[in-house]
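Structure first, commentary second.
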Amino acid sequence: MSSSFRIHFPPPFRPLFSLNSFSSSSSSSIAISHRSSGGDVNRLIQSLCAKGNLAQAMELLPHEPRPAQRTYESLILACAHHNAACHAAVVHRHLLQHGFDQDSFLATKLIDMYGQLDLLYAARQVFDETPDKTIFVWNALLKALALADEGEDALALFSDMTRLGVPVDSFTFSHSLKACIAASSSSELAPIRLSQVHARAIRLGFESHVHVATTLIDCYAKLGSVVHAERVFDEMPDRNVVSWSAMIACYAKNERPFDALNLFNDMMSTDPEAVPNAVTMVSVLQACAGVSALVQGKVLHAYILRNSLDPTLSVVNALIVMYAKCGSLERSRRIFHKMTNRKDVVTWNSMISAYGIHGFGEKAIQVFHKMINAGVRPSIITFVTVLGACSHARLIDEGKRLFESMSREHGMSPRSEHFACIVDLLGRAGQLDEAVKIIEGMRIEPGPTVWGSLLGACRIHCNVELAERACARLFKLEPLNAGNYVLLADIYAEAKMWDEVDRVKKLLEAKRLQKVSGCSWIEVKKKIYSFVSVDEMNPQIEQLLALLGQLVTEMKNTGYVPNTRIVLYDLEQHEKERVLLGHSEKLAVAFGLINSSNGEVLRITKNLRLCEDCHSVTKFISKFTRREIIVRDVNRFHHFKDGVCSCSDYW
DNA sequence: TTGGTCGTTA
């Protein structure tokens, strides 16, 4: 890509609507009863624009012989706001004909407007035809290009600015940083480009500017470089809500929800100036959802209500997701039904997913149909959630029907992730052959999620041969995903193929990959306690194991046999039982039993799929201790009550 | 005259 911006010659700009056709087609709804002087019409147009009545303002424009700069400004802003491309072209032509063709102020506004309307060639043309290019004009085009994902062009423009000696400012840096991400978000070029612009910002002394630093944090967040974001954040001389929020969001979307919550608490306790807003709340709620911090989530919900913080649609959506992921489907439902905002596709998706992860497949499908009836177009993600819901609830035929309706009724071609859902649906239900047929019939290249779903199904149904086939592809597609190796080793272990288990483990070591270790946590008295398998560091470990030992002895009397098949090591039976007993979710359950009052519901979260043995043990404990236990695993919820699980032992 | 932070999935 050339560094010269001028190479990208814009196509000729033609107004989409001519002045003549405009005035003839419009039947005037405003009667101009008196011949008002120029000033009055100018003011009238401006006030109509401010009130959002663009159409009437446009009808008045031909009646004003000498439109003022302010009048055009109002019209341009209104066109951008109402996404009115036709009016935009008329206003543009009008102001050129009325002697504002050299006006760099209006040029700035026009470029910004065309950027928002996604008419980049028009924005470029205005830029090229503006003789006196102020920094505002440069920045406007830079912004338009960066926001339109024309990152390459934006960066080229930035180079031109430096080469031509245009005195850049902090706005220039904000837009250019965004352009780096737009130009190469997923390529390895992105960090390099970002560090180049970052270095230049440091050299010219803009790095510590609040807006520039905040943009930097956001950019590093998008690249997943949490360390870089932290460094910028730590070195900021002053912060405001937005910079705190950017760093919280960085943690929340890079799988560091605990850090996000801690940072939020830091902000609340150390910076009284930083009052959280709707945007802050969305990130913090997302972090709560990530760690199932129900109590913390409720506190935030109360905070939002108490401070009459604007419950924007995003906040309401985030609340629905938070309650669902914290195990309180009832609260999600209540918010969903009582909300006064217009529900958007994300709202519907969130509710579908809420029912889905709690195992209410039929409910999820009902909500899906209500969404269609409400006239909201389902998105790619809608189908992922509703198919996932079918999968959790074993609704095979319904799932297949929905999958087919995607292309037949909704004009969408299924993507790799939808094939992954259908393969998961069939595979989980044991229809592995059918799942393979689906994969073989795919017209697009099956992505890693598709083979991953098949591998997961092989793990559940212990199919060595098919698992090997899936892994042959997976190891090529994502050689660094330790999970695939672990699943294969699990399958070999269950089939007692210990040599193969060894081989896979060696493969893992050779690639220096770390298996993600099991971790569970529980919220007790507003604090979160986490456990790992055979948790030697835990001060209460002996007490926890003793309690579990007692419970297991009781269970064995009623016929329980520890499911040691799933222990990955070739050990003696009693050693395997010890490993099983030390599973993190069992420790968390035991901790909850000891440290909470009788009758309190235990809510546990686990980072992996719930193992078969923990599942049967938790069922027993729920009956024996008369406790309701809610466990969220990586995929879904299990509500244990009276010895029964809401998943009907299908997960 | 211009700018920064947010949500849904297996």
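In what follows, chains are A, B, ... by sequence order, proteins preceding strands, each numbered from 1. Please read these numbers as outputs of a predicted model, since none were measured by experiment. What's counted below: heavy atoms across the whole structure, side chains too, no hydrogens, waters or symmetry copies.
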Quick check for you: name the first and last nucleotides of DNA chain B, 5' to 3', having an atom under 4.0 Å from a heavy atom of chain A. B:dT1 to B:dA10
Any side-chain donor-acceptor pair under 3.5 Å between A:T347 and A:N317? yes
Reckon A:N240 touches a base, only the sugar-phosphate, or nothing at all at heavy-atom distances under 4.0 Å? base
Heavy atoms under 4.0 Å, any strand shown: does A:A318 hit a base, just sugar-phosphate, or nothing? nothing
For a quick check of understanding: with a heavy-atom distance under 4.0 Å over all strands, which category does A:D344 fall into, base, sugar-phosphate or nothing? base
Any ion pair linking A:D128 and A:R124 (charged N to carboxylate O, less than 4.0 Å)? no
May I ask you to say whether A:R401 pairs ionically with A:E404, meaning some side-chain N is under 4.0 Å from a carboxylate O? no
Applying salt bridge (charged side-chain N to carboxylate O under 4.0 Å, His left out), run through A:K143 and A:D112 and close with a yes or a no. CA-CA 8 Å; A:K143 173 188 165 190; A:D112 200 45; 2.9 Å; yes
Stacked cation flag A:R239 on A:F233, 6.0 angstrom / 45 deg: yes
When we call it a touch if two heavy atoms are under 4.0 Å apart, what does A:H175 touch: a base, just sugar-phosphate, or nothing? sugar-phosphate
Have a look at A:E417 and say if it touches a base, only the backbone sugar-phosphate, or nothing, with a 4.0 Å heavy-atom cut-off. nothing
Students often get this wrong, so: under 4.0 angstrom with heavy atoms, is A:T449 touching a base, only sugar-phosphate, or nothing? base
Please report, to 0.1 Å, the donor-acceptor pairs under 3.5 Å made by any side chain of residues 446-455 of chain A, with sequence neighbours excluded.
| from | atom 1 | to | atom 2 | distance (Å) |
| --- | --- | --- | --- | --- |
| A:S453 | OG | A:A420 | O | 3.1 |
| A:S453 | OG | A:T449 | O | 3.0 |

Base, sugar-phosphate, or nothing for A:S314, non-hydrogen atoms under 4.0 angstrom? base
Once you apply a heavy-atom cut-off of 4.0 Å, does A:S170 come out as touching a base, just sugar-phosphate, or nothing? base
By the 4.0 Å heavy-atom rule, please label A:V345 as base, sugar-phosphate, or nothing. nothing
How would you label the contact of A:T108 with the nucleic acid (heavy atoms, under 4.0 Å): base, sugar-phosphate, or nothing? base
Partners of A:D259 by side-chain hydrogen bond (donor to acceptor under 3.5 Å, both in side chains), sequence neighbours excluded? A:R256
Under 4.0 angstrom, heavy atoms only, what part of the nucleic acid is A:D218 near: base, sugar-phosphate, or nothing? sugar-phosphate
